[in-house]
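These notes are about the structure you will find just below.
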2 protein chains.
Amino acid sequence: MTRASRIPLPALERLSTYVRSLMELKSAGKQTVSSREMEELTGVTAAQFRKDLSYFGEFGRRGVGYNVCDLQSRIAALLRIEAEQPVLMVGAGNLGSALIAYPGWNAYRFRIAAVFDNDPQKIGGEVRGLHVYDAGRIVELNAEIGSQIGLLAVPAPAAQGVAGALVEAGVTGLVNFAPVKLDTPPGVRVRQISFLRELAVLSYLIHQD
Amino acid sequence: MTRASRIPLPALERLSTYVRSLMELKSAGKQTVSSREMEELTGVTAAQFRKDLSYFGEFGRRGVGYNVCDLQSRIAALLRIEAEQPVLMVGAGNLGSALIAYPGWNAYRFRIAAVFDNDPQKIGGEVRGLHVYDAGRIVELNAEIGSQIGLLAVPAPAAQGVAGALVEAGVTGLVNFAPVKLDTPPGVRVRQISFLRELAVLSYLIHQD
DNA sequence: TAGATTGTTAATCGATTAACAATC
DNA sequence: TAGATTGTTAATCGATTAACAATC
């Protein structure tokens, strides 16, 4: 595996926000945007915005601003979300189903290539038009699909096992919704999502004196 | 409103992880834990763990470690998650329903006090045993409930309007699942959750050379 | 040209890490 | 006491902010 990115992680996270706002500007027919206007839209300061872009190169014209279309496609290219990417969804329960139904996958060119579950009641059935496969077949089926990204929408006790299978199947990036720390080999990236943690943080912040 | 916390936000986010691990240790019957063992469990270094706690006071005994039960309840008290807190869920669609069904609310002592939607098909009905109210009644009903926390599981175009209603109803903390920047008055805290952003970040990280 | 806005440098700020004295 | 582990200080590291020269 390669050494960690020189790009600050917070900067990387903001890039995705920029893409979203640029898409909206494009839909609205706007052709040019300044860092000041981006601050208005995203809440990220103009200086921060320009600094974030500077890690990757030059994207604007002094005195003029940024071309909306061009900037959007260049950031999308940096994030590698210009070409369609297959992702594996593990867990066809409430959360998995809700995620599958989420509109917006396509805006970022992600495509759910397969859905897995270990519940015999669900295996062989469909969730929102997608076939549900036996989680035991992750390695086998991803040999065909070649996905590098997996989403874990399974109960906490199952998460580590599923993560192992996904990694064995060649996945190198995981989004984990289960409240467990996943042990993964070096080179595998895990992003954790936990709304209970967000609630706990809020709980502290709103009760401060 | 009050000035921002002196506690680093990353430290605050980690506290919730500590609570979770301590709950597990308690269930496993463990009575004492060292910062080194916590590192093993959470992935947060022992030094970081001790430093995080030091913002709040002293929690352990030198040469011995931390009492599991005691530490858990003291961190829970810091986060204000020892007493039950009512939360408002807005959006009874796929995501809202999945969140409602999520096990674990209770471990952090959150209780969904009311569910709202603006779809006439859903209003008056039930979602997983909870009554669905007209989103137009948020202010009215929260006068009774007195919740300070709201979750937004609504489509992006509806989010800003709902946020306004929640704030008017007295909510000071929001967890927003919609991919929009919410404009809120000073003093209202917003935590954003976006799995598409997580996917975009992963996309960059796994494709690095 | 004059006005606007970028890209970049330097200064500031804040968080993490390492080391160790305190103390159980 | 000797060994272990905390709480805290100081050093390091990294990100953000402010300022401005470059340039459209």
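The sequence lines fix the lettering, A, B, ..., with proteins before strands; numbering per chain opens at 1.
Residues from residues 15-42 of chain A placing a heavy atom under 4.0 Å of any atom in DNA chain C, listed by number, are Ser34(A), Ser35(A).
Every stem involving DNA chain C, taken as at least 3 paired positions in a row under the Watson-Crick or G-U wobble test at 3.5 Å, is listed here: C:3-24 with D:3-24.
Sorted by first and then second residue, the pairs that involve residues 103-118 of chain A and meet salt bridge (charged side-chain N to carboxylate O under 4.0 Å, His left out), not counting sequence neighbours, are Glu84(A)-Arg111(A). The list of ring-ring contact (aromatic ring centres under 6.0 Å, His included) pairs with a residue in residues 33-52 of chain A, not counting sequence neighbours, reads Tyr18(A)-Phe49(A), Phe49(A)-Tyr66(A). Judged as a salt bridge (charged side-chain N to carboxylate O under 4.0 Å, His left out), the pairs with a partner in residues 40-55 of chain A (not counting sequence neighbours) are, in order, Arg14(A)-Asp52(A). Applying the salt bridge (charged side-chain N to carboxylate O under 4.0 Å, His left out) test to pairs two or more places apart or on separate chains, none has a residue in residues 143-169 of chain B. Among residue pairs with one or both ends in residues 15-35 of chain A, those qualifying as salt bridge (charged side-chain N to carboxylate O under 4.0 Å, His left out) are Lys30(A)-Glu37(A); sequence neighbours excluded. For the ring-ring contact (aromatic ring centres under 6.0 Å, His included) condition, the pairs that include at least one residue of residues 86-107 of chain A, sequence neighbours left out, are Tyr102(A)-Phe195(B), Trp105(A)-Phe195(B).
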Legend entry - nucleotides 9-21 of chain C: protein proximity per nucleotide (B base, S sugar-phosphate only, - neither; heavy atom, under 4.0 Å): B-----SBBBB--
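For Phe59(B), there are no ring pair (Phe, Tyr, Trp, His ring centres under 6.0 Å) partners at least two apart in sequence or on another chain. Taking Phe177(B) as the reference, nothing meets the ring pair (Phe, Tyr, Trp, His ring centres under 6.0 Å) condition, with sequence neighbours excluded. With sequence neighbours left out, Phe116(A) forms a ring pair (Phe, Tyr, Trp, His ring centres under 6.0 Å) with no residue at all.
Summarising the geometry, atom CZ belonging to Arg80(A) is positioned 9.0 Å from atom CD belonging to Gln85(A); distances are rounded to the nearest 0.5 Å.
The side chain of Tyr66(A) contributes an N or O atom lying less than 4.0 Å from OP1 or OP2 of dG7(C).
dG7(C) atom C1' lies 13 Å from atom CZ of Arg74(A), rounded to whole Å. Protein atom CZ of Phe59(B) is 11 Å distant from nucleotide atom C1' of dG7(D), rounded to whole Å. Note: CG (Leu53(A)) to P (dG7(C)) measures 7 Å, nearest angstrom.
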